[in-house]
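Comments concern the structure below.
The analysis underlying the following values was restricted to heavy atoms, covering all of them including side chains, and did not include hydrogens, waters or symmetry mates. Bear in mind the structure is a predicted one, so any value in this text is a computation, not a measurement. Counting from 1, the numbers follow the sequence of the chain as shown.
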Amino acid sequence: MQASRARLFKEYKEVQREKAVDPEIQLICDDSNIFKWTALIKGPSETPYEGGVFQLALVVPEQYPLQPPQVRFLTKIFHPNVHFKTGEICLDILKTAWSPAWTLQSVCRAIIALMAHPEPDSPLNCDSGNLLRSGDIRGYQSMARMYTRLAAMPKKG
């Protein structure tokens with residue numbers, strides 16, 4: 001556990017230093033528990049998520065970095081690889097393709113890349129996956145844009 005704590009503290013210091021370098025990602029460590037983090041990620045440009053800010057919950061195991069963090073969306077998102085109700089993310093690096101070289105920051109970058117390039121063949125959200133698999137790109141994009149507006153954009157007024 002001491003090694004994971006030291007690794008997380010090192011990542012925390014890097015996050016503080018790199019705030020201006022990576023404006024797409026804001027990582028926030030829980031004040032009382034270094035194993036609990038929140039991330040705010042910006043929806044990638046030229047996607048239906050553009051303009052949205054999505055909140056992620058990251059729970060880091062004591063075996064980190066040998067085991068991946070548990071990451072889920074707290075913000076509702078219409079995406080084939082994200083479970084609509086739980087926010088669970090289907091991403092290989094969070095399961096079988098994990099490597100200790102990954103950091104919390106690079107995990108967030110991989111999630112942003114997944115937002116831009118969905119994998120409809122392994123859906124957690126079947127409605128979203130079916131739209132893409134059947135070639136209804138317009139239907140998928142309009143649903144994703146609608147949920148981005150409803151859940152991930154600041155309310156006006």
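With a 4.5 Å cut-off on side-chain heavy atoms, Gln105 and Val15 count as touching. In this structure, Arg133 and Pro80 have side chains that are not in contact, with every pair of non-hydrogen atoms separated by 4.5 Å or more. Taking 4.5 Å as the limit, some side-chain heavy atom of Val107 sits within range of a side-chain heavy atom of Leu94. Taking 4.5 Å as the limit, every side-chain heavy atom of Asp121 sits out of range of all side-chain heavy atoms of Glu119. Taking the side chain as every heavy atom from C-beta outward, Arg109 and Ser106 approach each other to under 4.5 Å. Counting heavy atoms from C-beta outward, Phe84 and His79 have side chains that stay 4.5 Å or more apart. Side-chain contact between Leu104 and Val60 is present, with heavy atoms from C-beta onward closer than 4.5 Å. Taking the side chain as every heavy atom from C-beta outward, Leu40 and Ile28 approach each other to under 4.5 Å.
Across all non-hydrogen atoms, the minimal contact from His83 to Lys85 is ND1-N, 3.1 Å. Closest approach of Ile77 and Met115 over heavy atoms only: CD1-CE, 3.9 Å. For Phe73 against Ile111, the heavy-atom pair with the smallest separation is CZ-CG2, 3.8 Å. Scanning both residues, Leu8 and Ile34, for their nearest heavy atoms gives CD1-O, 3.5 Å. Asn81 approaches Ser122 most closely through the heavy-atom pair ND2-O, 3.2 Å. Among all heavy-atom pairs drawn from Thr148 and Gly52, the shortest one is CG2-CA, 3.9 Å.
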### Query
Taking it one step at a time, do Ile41 and Val53 satisfy side-chain contact (heavy atoms from CB on, under 4.5 Å)?
CA-CA 6 Å; Ile41 60 173; Val53 176; over 6 Å; no

### Query
Run the side chain to side chain donor-acceptor pair (under 3.5 Å) check on Asp136 and Ser134 step by step: do they pass?
CA-CA 6 Å; Asp136 190 355; Ser134 69; 5.5 Å; no

#### Entry: side-chain contact (heavy atoms from CB on, under 4.5 Å) between Leu114 and Ile89, intermediate numbers included
CA-CA 10 Å; Leu114 181 69; Ile89 303 166; 3.9 Å; yes

### Message
Evaluate Glu88 against Val82 for side-chain contact (heavy atoms from CB on, under 4.5 Å), listing each step before the verdict.
### Response
CA-CA 6 Å; Glu88 178 192 349; Val82 180; over 6 Å; no

### Query
Please walk me through it: do Arg145 and Tyr140 pass side-chain contact (heavy atoms from CB on, under 4.5 Å)?
CA-CA 8 Å; Arg145 221 178 346 268; Tyr140 158 75; over 6 Å; no

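A donor-acceptor pair under 3.5 Å links the side-chain atoms of Ser142 to the main chain of Gly139, judged by distance alone. At least one donor-acceptor pair closer than 3.5 Å links the side chain of Glu50 to the backbone N or O of Glu46. Under the 3.5 Å distance criterion, the side-chain polar atoms of Thr75 are matched with a main-chain donor or acceptor of Gln55. Side-chain atoms of Arg72 never come within 3.5 Å of backbone atoms of Leu58 as a donor-acceptor pair (strictly under, hydrogens ignored).
Judged purely by distance below 3.5 Å, without hydrogens or angles, the side chains of Glu11 and Tyr64 pair a donor atom with an acceptor atom.
A cation-pi arrangement, defined by a distance under 6.0 Å to the six-membered ring centre and an angle within 45 degrees of its axis, is absent between Lys42 and Phe54.
The neighbour count for Glu14 CD, taken as heavy atoms of other residues, nucleotides or ligands under 6.0 Å away, is above 12. Crowding of Tyr12 atom OH: a count of heavy atoms from other residues, nucleotides or ligands under 6.0 Å not exceeding 12. Counting non-hydrogen atoms of other residues, nucleotides and ligands closer than 6.0 Å to CG of Asp31 gives a total of 12 or fewer.
Distance check, rounded to the nearest 0.5 Å: NE2 of His117 to CD1 of Ile112 gives 11.5 Å. Rounding to the nearest 0.5 Å places CD of Gln70 at 10.5 Å from NZ of Lys36. How far CE of Met146 is from CZ of Arg149: 10.0 Å, rounded to the nearest 0.5 Å.
Met143 and Tyr49 fall within the same hydrophobic cluster, where Ile, Leu, Val, Met, Phe, Trp and Tyr residues are linked whenever their side-chain heavy atoms come under 4.5 Å apart, directly or through other members. In this structure, Val59 is not a member of the same hydrophobic cluster as Leu74, with clusters built from ILVMFWY side-chain heavy atoms closer than 4.5 Å. Leu56 and Leu124 sit in two unconnected hydrophobic clusters of ILVMFWY residues. Membership requires side-chain heavy atoms under 4.5 Å apart, directly or through other members.
For residues 89-102, no pair satisfies side-chain hydrogen bond (donor to acceptor under 3.5 Å, both in side chains), with sequence neighbours left out.
Between Phe78 and Tyr147, the angle of the ring planes stays under 30°, which puts this pair in the parallel group of the 30/60° scheme.
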